[in-house]
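Because the structure is a prediction, the values reported are computed rather than measured. Order of the sequence lines sets the chain letters (A, B, ...), proteins ahead of strands, with each chain counted from 1.
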Number of protein chains: 2
Amino acid sequence: MLMKTIPLHLPAEALHPQATACLSCEVRGNALFGVLDEHALGRVHAHIASQEALGDQAIYTAGRPGSAVYTVRRGIVRFERFTEGGARRIVRLAGPGDLIGQEALLGRPYAEEAVACTTVHLCRIPAALVMQMSHLEAQLYGALLVRWQKALEHAEDWVTDLTTGLARRRLLKLLGRIAGFEPTSDLIWLPRREEIGAMLDMSMETASRLVSGLKREGVLELMPPSHARMHRGRWRQALEEMDTY
Amino acid sequence: MLMKTIPLHLPAEALHPQATACLSCEVRGNALFGVLDEHALGRVHAHIASQEALGDQAIYTAGRPGSAVYTVRRGIVRFERFTEGGARRIVRLAGPGDLIGQEALLGRPYAEEAVACTTVHLCRIPAALVMQMSHLEAQLYGALLVRWQKALEHAEDWVTDLTTGLARRRLLKLLGRIAGFEPTSDLIWLPRREEIGAMLDMSMETASRLVSGLKREGVLELMPPSHARMHRGRWRQALEEMDTY
DNA sequence: CGAGCCGTTGAGGGGATTCAAGCTCAGTGG
DNA sequence: CCACTGAGCTTGAATCCCCTCAACGGCTCG
C-alpha cells in the first residue's frame, strides 16, 4: 500500500483533510492512536474516515463480519442484545474515547448491535490498518490491550451497578453513568423509558414512574426530547439514601 | 535471564518436571501458550508454576498489584465484587481454558477478587514472562487479544442471560452455564444458596425455593455437599417452557 | 383531524423479599 | 454414646416491589 507522508508542521491548508481533523480531535489524548507519535500518525490519517450517526441509527449490526473498529469522539453508543425470549437488552454504553467493535481485529463478526443514542461522531478505522500497524508499533498493541481491559471492566461494572438492588437505585446509578459522559454540563441525555427498561431490566411503566418521581423531587428537570437537567447534589443525596438501606 | 533449553523428545524422566505437566495438560489446545510451538514452549515451562486452590480459597484479591496471570486447567473460578451498599455480587465465572487476571499484563491491580468454587488447578504465568515473550512471538499477542475478547463476551452474555427475567429462568440459565464446564458428566457443581443469590441478584431463600422446586420436578438430584446430578433433558424442557412466555 | 408514538398514571395481581421458625448434618466435648 | 452447637438449607406467612393490563394526554406528522 502506497501513501504520502505529510509533514505535520505545514500550515493547516496544506494538510490532508483528515489530518486536520485528527490534530484537532476532541479525544486525541485518550484515543487509540493517541499513543502514536506525529510521524506515525501522518501515515494513517488518510485511511481513517470521520463519520456521524444520528440517534437510533445502527453503527454496526450483530453477526456482520467486521472490517473496522471505531473510536467514539462524541456522543453515546449503546450495545444491544436479545434474550432467547426475544426481549431486547442493552448490555453496555460507550462514550467519548471508547473503542468499539474490537472483534473486527480478530476477524470475528460483531458480537452485538451498536446503536447511536445521541448524535455520535466516530472515527472509522479499518481493521487491516490496525493489524498492519501493530507489527510496526509495539505501543499500539499495548494500547489495544488497555482498551480491551477497559471494556471488560465496564461490562463488569455494569453488572454490579445496574442489575443489583431496587429499581430506583439502578436508575440513579444509570443517571450517574450517563452524566459521567458529560462532565462539564448538567444537561444530560435521558433515554426513552423503554430504553431505560432495556438497560435496567424493568418495565417501561416502572421507568416512567421512577423518572416522574425524580422530577417531583427536583433531581431531574425534563427537557424533551430525550434530555434532562440533573441536579447533581440532589442526585448524590438520593443515591446515598438508597445505599444506607 | 538465563535458562536451559530442554529438547522435548527426551524421555519423560529426563524432562524438567513442569515440561511433563505442560505436555500432558488437559487444556493445552486452547490455553494461552497453546499457540506456541514445542521449541518456544520449551523455553517457558520452567517459569510456569502449577498450583492448586481449594474451594472458597482466593486466587488473587481485588486491588492487589498483579504480577501474574493464570490459566484455569480444571475447576470453576468466580469473580466477586461489592456494591457500595456492601452486598456481594458475583459478576462472572471462568472455567477450564480461560485466562484470568489479565489486568496484570497491563501493570494494573486486579479489578476484582477471584475465588475458587471447586478445587481448581491453575498455571501461574508471571506477567513479565508473557510481556517478554510477546516481543518475540507475534502469535502470542493475537492469542491474548482473542482471550480478552472472549472474557468480554462472557461478561455481556452474563448480563443478557443471568440478570434478565424471572428468577426461575435465571437459575436455569446459570445451571446450563455450570453444566457447560462439565460436558461429559451430569454431575455438576451446585453453588451454595447464598452464592446463587450473589450471582443472580436474589435472596438465598428464593434460591433455595427454586432449587427445591427443580428437585421435585426431577431436574436436579441433590448430592451434598455442593454437587448435584442434572437431568439435561428435563432442564432443557423447563427452560423452553419459560422462554415461550 | 385522525393515526401513531411516547409518556403518564391507576388498579390489581404476582413474584420476590423479609422475618421467622424448624430442619439436617457434621463436628465437638462432656 | 449423646447432647450441644453452628452452619447451611428449607419452609411458612406477611409485606412490598414491580409487572401487566388499561385508559388517557400530549405531541408530531401525514
Side-chain angles (χ1 to χ4, degrees), chain A residues 54-56 83 85-89 117-118 162-175 189-217 219-228 238 241-245, chain B residues 55-56 83 85-90 117-118 162-175 189-217 219-228 238 241-245:
Chain A
L54 302 177
D56 291 329
T83 63
R88 181 169 70 117
R89 195 73 210 270
C117 293
T118 62
L162 302 187
T163 73
T164 297
L166 298 186
R168 180 180 161 91
R169 204 197 86 98
R170 305 206 300 274
L171 175 59
L172 286 168
K173 282 285 188 185
L174 175 64
L175 290 175
W189 168 64
L190 188 69
R192 283 182 236 112
R193 307 301 171 266
E194 188 275 336
E195 285 176 321
I196 295 179
M199 293 188 211
L200 305 181
D201 193 40
M202 61 179 71
S203 69
M204 77 128 222
E205 293 92 332
T206 299
S208 173
R209 277 182 247 272
L210 292 172
V211 168
S212 298
L214 293 178
K215 181 179 115 195
R216 274 189 291 277
E217 298 167 29
V219 176
L220 287 180
E221 184 184 345
L222 304 191
M223 325 234 20
S226 290
H227 285 273
E241 283 169 12
M242 300 276 342
D243 277 332
T244 52
Y245 287 99
Chain B
D56 292 329
T83 63
R88 181 170 70 118
R89 195 73 211 271
I90 297 173
C117 292
T118 62
L162 301 187
T163 73
T164 298
L166 297 186
R168 180 180 161 92
R169 204 197 88 98
R170 306 206 299 276
L171 176 59
L172 286 167
K173 282 286 189 184
L174 175 63
L175 290 175
W189 169 64
L190 188 69
R192 283 181 235 113
R193 306 302 171 266
E194 188 275 336
E195 285 175 322
I196 296 179
M199 293 188 211
L200 305 181
D201 193 40
M202 62 178 73
S203 69
M204 79 126 216
E205 291 93 332
T206 300
S208 173
R209 277 182 247 271
L210 292 172
V211 169
S212 299
L214 293 178
K215 180 179 117 196
R216 274 190 292 275
E217 298 165 31
V219 177
L220 287 180
E221 184 184 345
L222 304 191
M223 323 234 22
S226 290
H227 285 273
E241 282 168 12
M242 301 274 346
D243 278 332
T244 52
Y245 288 97

So what does [X] touch, heavy atoms closer than 4.0 Å: a base, only the sugar-phosphate, or nothing?
| X | answer |
| --- | --- |
| A:Ser203 | base |
| B:Ser208 | base |
| A:Leu222 | sugar-phosphate |
| B:Met204 | base |

Taking 4.0 Å as the cut-off, does a side-chain nitrogen or oxygen of A:Ser212 come that near to OP1 or OP2 on C:dG7?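 Indeed not, no polar side-chain atom of A:Ser212 lies that close.
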
Can you see if the side chain of B:Thr206 gets near the phosphate of C:dG15 - specifically, an N or O under 4.0 Å from OP1 or OP2?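 Checking B:Thr206 against C:dG15: no side-chain N or O falls below 4.0 Å of OP1 or OP2.
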
Could you tell me the separation between the [atom1] atom of [X] and the [atom2] atom of [N], rounded to a whole number of Å?
| X | N | atom1 | atom2 | result |
| --- | --- | --- | --- | --- |
| A:Leu200 | D:dC17 | CG | P | 18 Å |
| A:Met202 | C:dG7 | CE | P | 15 Å |
| B:Leu210 | C:dA16 | CG | C1' | 9 Å |
| A:Leu190 | C:dC6 | CG | P | 14 Å |
| A:Ile196 | C:dG7 | CD1 | C1' | 11 Å |
| B:Arg170 | C:dT17 | CZ | C1' | 12 Å |
| A:Arg216 | C:dT8 | CZ | C1' | 10 Å |
| B:Leu220 | D:dC9 | CG | C1' | 15 Å |

Tell me if the side-chain of A:Arg209 makes a donor-acceptor pair with the base of C:dG7, cut-off 3.5 Å, by modelled atom types.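 No, the side chain and the base share no sub-3.5 Å donor-acceptor pair.
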
So do A:Leu214 and A:Arg168 actually touch side chain to side chain, heavy atoms under 4.5 Å?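 A side-chain contact exists here, since the closest heavy-atom pair is under 4.5 Å.
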
Taking the side chain of A:Glu205 as its heavy atoms from C-beta onward, which of D:dT10, D:dT20, C:dA16 lies nearest to it?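 Shortest atom-to-atom distance from the side chain points to D:dT20.
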
Is a salt bridge present between B:Arg216 and B:Glu221, judged by a nitrogen-to-oxygen distance below 4.0 Å?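 So B:Arg216 does not pair with B:Glu221 through a salt bridge.
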
Might you work through the salt bridge (charged side-chain N to carboxylate O under 4.0 Å, His left out) test for A:Arg88 and A:Glu194, ending with a clear yes or no? CA-CA 10 Å; A:Arg88 181 169 70 117; A:Glu194 188 275 336; 2.4 Å; yes

For the CD atom of B:Glu241 and the CG atom of B:Leu172, what is their distance to the nearest 0.5 Å?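 It comes to 9.5 Å.
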
For A:Thr163 and B:Arg89, does a side-chain donor sit closer than 3.5 Å to a side-chain acceptor?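 The answer is yes; a qualifying pair exists.
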
